[in-house]
Amino acid sequence: MAQHERFHYKSLAEVQDKCKELGITIPFASDTSAIAQPLTFRNVTLSNRVGSAPMEGADSTIEGSPSDLTIRRYSKIAEGGAAIMWFEAISVVPEGRSSNTQLLITKDNVDDYRRMTDTIKEIGLKTNGYAPYLVMQANHSGRYSNPGNKPAPLIAYRHPWLEKFRAADDSCIVSDDYLKQMEESFGEGSRLAKLAGFDAVDIKSCHGYLFQEVASAFYRVGIYGGSYENRTRLLKNSIRAAQVYEDESFMVTSRVGIYDGYPEYAGFGQKTDGSMALDLTEPIRLVKELHEMGLDLVDLTMGNPYATTHVVRPYDMGKYPPEEHPFEGISRMIMGIGEVKKAVPELKILASAPTYLREFTDLYTAGAIEQGLCDGMLFGRMQFADPDFAKEMVGGRIDPKRICLTCGKCGDLIRSHKPTGCVIRDNKTFMPYYKEFLEEKKNLPANFRG
């Protein structure tokens, strides 16, 4: 078994030497000027090329409304100068929540969301002279649904390898009628997002959740399985239902997973011969078709945080030591996204998962933009550690004393359904929750400790 790779690189030259040794490509620029350039799509112009990626904070009220901690978290990011804030997964149906502390939007709490978005935009205007562009990520957790903090998986098909991480049986497979209902639910979620003051809604299809799982339902029978047309039906029809509410001030987008990386059985964006080899034929076709449907901006990502964590967010310490160097994961992510960008050059594409590169993540982002691999970058874990990352990058370089260390503690908090943030950089707020997690972990049977 491989050992965890600890980040020990003191200079960009050392990072580049390691990339050469591994035989991989990671783009870097000589400065961060590309990040400070505006980005335009439709009638929108973003002030810079960086923003916050969807990262669940596990801090909603029981009803699913944003709490004071939720608003505190996003307010800090708005103060930090992010041009676009892609909000965390917000469930549009109760049974699709990942926990009792995951955000859930309904007709009864939409005003709570409106107060939050108004606050965040006002903070951005006051602090930076512009309001961040706010995207609501509409989601159904599918296999990872935990309403009431109890596993209640709703799956597209049986996947023996994934069931090693989350048990499921035939009774968990959702019907075609249920999926058809979800198309209507995501349309309603779009209407609520607009009422709540968001600038866009993301019909989420990534990271192993329900829509992404349907995309890989090669062996499912019925209108949502088997052929490419069937497997992409749920996403496309849900987008069409959401687009009913588009106008000059509100648009529909999607965060799309282009590669699952499952070592056994089937996965989207990979060969179906049981290997983990990347095959972007279908992802490129899908993204092209989404653009033809009217999407002008998408965010692309890879992996499944529950099962292939190293693919979606390379790390120092985590649930398991991967069989590859974290730089290989970063290279796969950006070069794969770059292939899609080259195939659909007129579509604005945001990339994901830069955080492992620490103080060099800004030069990496600028390099990816300069080389045409993406149009901008969203930062996940970094926003917890340093919510001012955007302002620092636009002004020159990110502060190396505030960077994320990819220690995985925020992931521990999310999985234990506790308010989530950086235990290292925001110690006073989040260390008490982490201590609770450690105490609870000690009381679990050994095979449940992870």
Side-chain angles (χ1 to χ4, degrees), residues 35 39 41-42 44-57 66 70-71 73-92 98 102-103 105 113 116-117 120-121 123-124 130-139 186 189-190 193-194 196-207 209 211-212 239 242 250-258 287 290 295-303 305 312-313 333 337 347-355 361 365 374-384 386-387 389-390 393 404 410 414 420:
I35 294 173
L39 177 64
F41 50 91
R42 291 200 184 180
V44 177
T45 298
L46 303 181
S47 297
N48 57 61
R49 299 295 186 103
V50 290
S52 60
M55 288 287 291
E56 286 188 40
T70 313
I71 297 170
R73 185 157 46 88
Y74 285 110
S75 294
K76 284 179 173 290
I77 298 169
E79 289 175 356
I84 183 169
M85 293 171 59
W86 208 292
F87 276 60
E88 67 199 88
I90 298 177
S91 189
V92 296
S98 63
Q102 184 192 29
L103 295 169
I105 192 167
Y113 283 90
M116 177 179 68
T117 58
I120 291 168
K121 290 180 179 180
I123 288 172
Y130 56 86
Y133 191 80
L134 307 184
V135 181
M136 190 195 95
Q137 183 176 75
N139 190 43
F186 276 75
S190 176
K194 185 175 181 179
F198 289 96
D199 301 301
V201 65
D202 159 23
I203 308 302
K204 178 180 183 178
S205 182
C206 62
H207 295 170
Y209 296 112
F211 280 49
Q212 179 74 0
I239 287 173
F250 183 78
M251 77 169 198
V252 177
T253 180
S254 185
R255 192 177 203 211
V256 179
I258 61 172
V287 173
L290 294 183
L295 271 62
D296 293 314
L297 172 76
V298 297
D299 174 44
L300 301 184
T301 182
M302 294 181 177
V312 61
R313 54 176 78 111
M333 179 75 74
I337 292 172
L347 176 64
K348 297 299 188 291
I349 293 179
L350 303 178
S352 306
T355 295
T361 191
T365 298
C374 64
D375 297 289
M377 187 76 71
L378 299 185
F379 288 75
R381 294 166 289 176
M382 191 71 80
Q383 68 185 279
F384 285 160
D386 181 10
F389 69 91
M393 291 180 182
C404 171
C410 59
I414 293 172
T420 300

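Counting from 1, the numbers follow the sequence of the chain as shown. These figures come from a predicted structure and were not determined experimentally.
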Go through it in stages, so that I can follow the logic: the residues are Y113 and L103, the test is side chain to side chain contact (heavy atoms under 4.5 Å, CB included), and I'd like the CA-CA distance, side-chain angles, deciding distance and then a yes or no. CA-CA 10 Å; Y113 283 90; L103 295 169; 3.3 Å; yes
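- By the 4.5 Å heavy-atom criterion applied to side chains, L297 and V135 are not counted as neighbours.
- In this structure a side-chain-to-backbone donor-acceptor pair under 3.5 Å is present from N48 to G81.
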Walk me through it: do D375 and R49 pass the test side chain to side chain contact (heavy atoms under 4.5 Å, CB included)? CA-CA 7 Å; D375 297 289; R49 299 295 186 103; 4.2 Å; yes
Would you sort out whether L350 and L39 count as a side chain to side chain contact (heavy atoms under 4.5 Å, CB included), showing the intermediate values? CA-CA 11 Å; L350 303 178; L39 177 64; 4.1 Å; yes
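- Using modelled atom types, no side-chain atom of Q137 and backbone atom of P54 make a donor-acceptor pair closer than 3.5 Å.
- Of the possible donor and acceptor atoms, one in the side chain of K121 sits under 3.5 Å from a partner among the backbone N and O of G197.
- Every residue meeting the side-chain hydrogen bond (donor to acceptor under 3.5 Å, both in side chains) condition with T301, not counting sequence neighbours, appears here in chain and number order: H207.
- With contacts defined as side-chain heavy-atom distances shorter than 4.5 Å, the pair S352/R255 qualifies.
- Contact of the L46 side chain with the F41 side chain is registered, since non-hydrogen atoms from C-beta on lie closer than 4.5 Å.
- The backbone N or O of I123 lies less than 3.5 Å from no partner atom in the side chain of E79, so there is not a single donor-acceptor pair.
- Counting all heavy atoms, side chain and backbone alike, L378 lies closest to S52 at CD2-O, 3.9 Å.
- Of all the heavy atoms in S254 and I239, the pair that sits closest is CB-CD1, 4.5 Å.
- L134 is listed as a side-chain neighbour of P132, based on a closest heavy-atom distance under 4.5 Å.
- Classified by interplanar angle (parallel below 30°, tilted 30° to 60°, perpendicular above 60°), the ring pair F186/F211 is tilted.
- Side chains of F389 and C404 form no contact here, defined as non-hydrogen atoms less than 4.5 Å apart.
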Using the side chain to side chain contact (heavy atoms under 4.5 Å, CB included) rule, take D299 and T253 through it: C-alpha gap first, then chi angles, then the decisive distance, then the call. CA-CA 8 Å; D299 174 44; T253 180; over 6 Å; no
Which donor-acceptor pairs under 3.5 Å do the side chains of residues 84-91 make with protein atoms, sequence neighbours left out?
{"residue": "W86", "atom": "NE1", "partner": "D202", "partner atom": "OD2", "Å": "2.9"}
{"residue": "E88", "atom": "OE1", "partner": "R73", "partner atom": "NH1", "Å": "3.0"}
{"residue": "E88", "atom": "OE1", "partner": "R73", "partner atom": "NH2", "Å": "2.8"}
{"residue": "E88", "atom": "OE1", "partner": "Y74", "partner atom": "OH", "Å": "2.7"}
{"residue": "E88", "atom": "OE2", "partner": "G57", "partner atom": "N", "Å": "2.9"}
{"residue": "S91", "atom": "OG", "partner": "V93", "partner atom": "N", "Å": "3.4"}
{"residue": "S91", "atom": "OG", "partner": "V93", "partner atom": "O", "Å": "2.6"}

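- Residues M55 and R313 meet the side-chain proximity criterion, which asks for heavy atoms closer than 4.5 Å.
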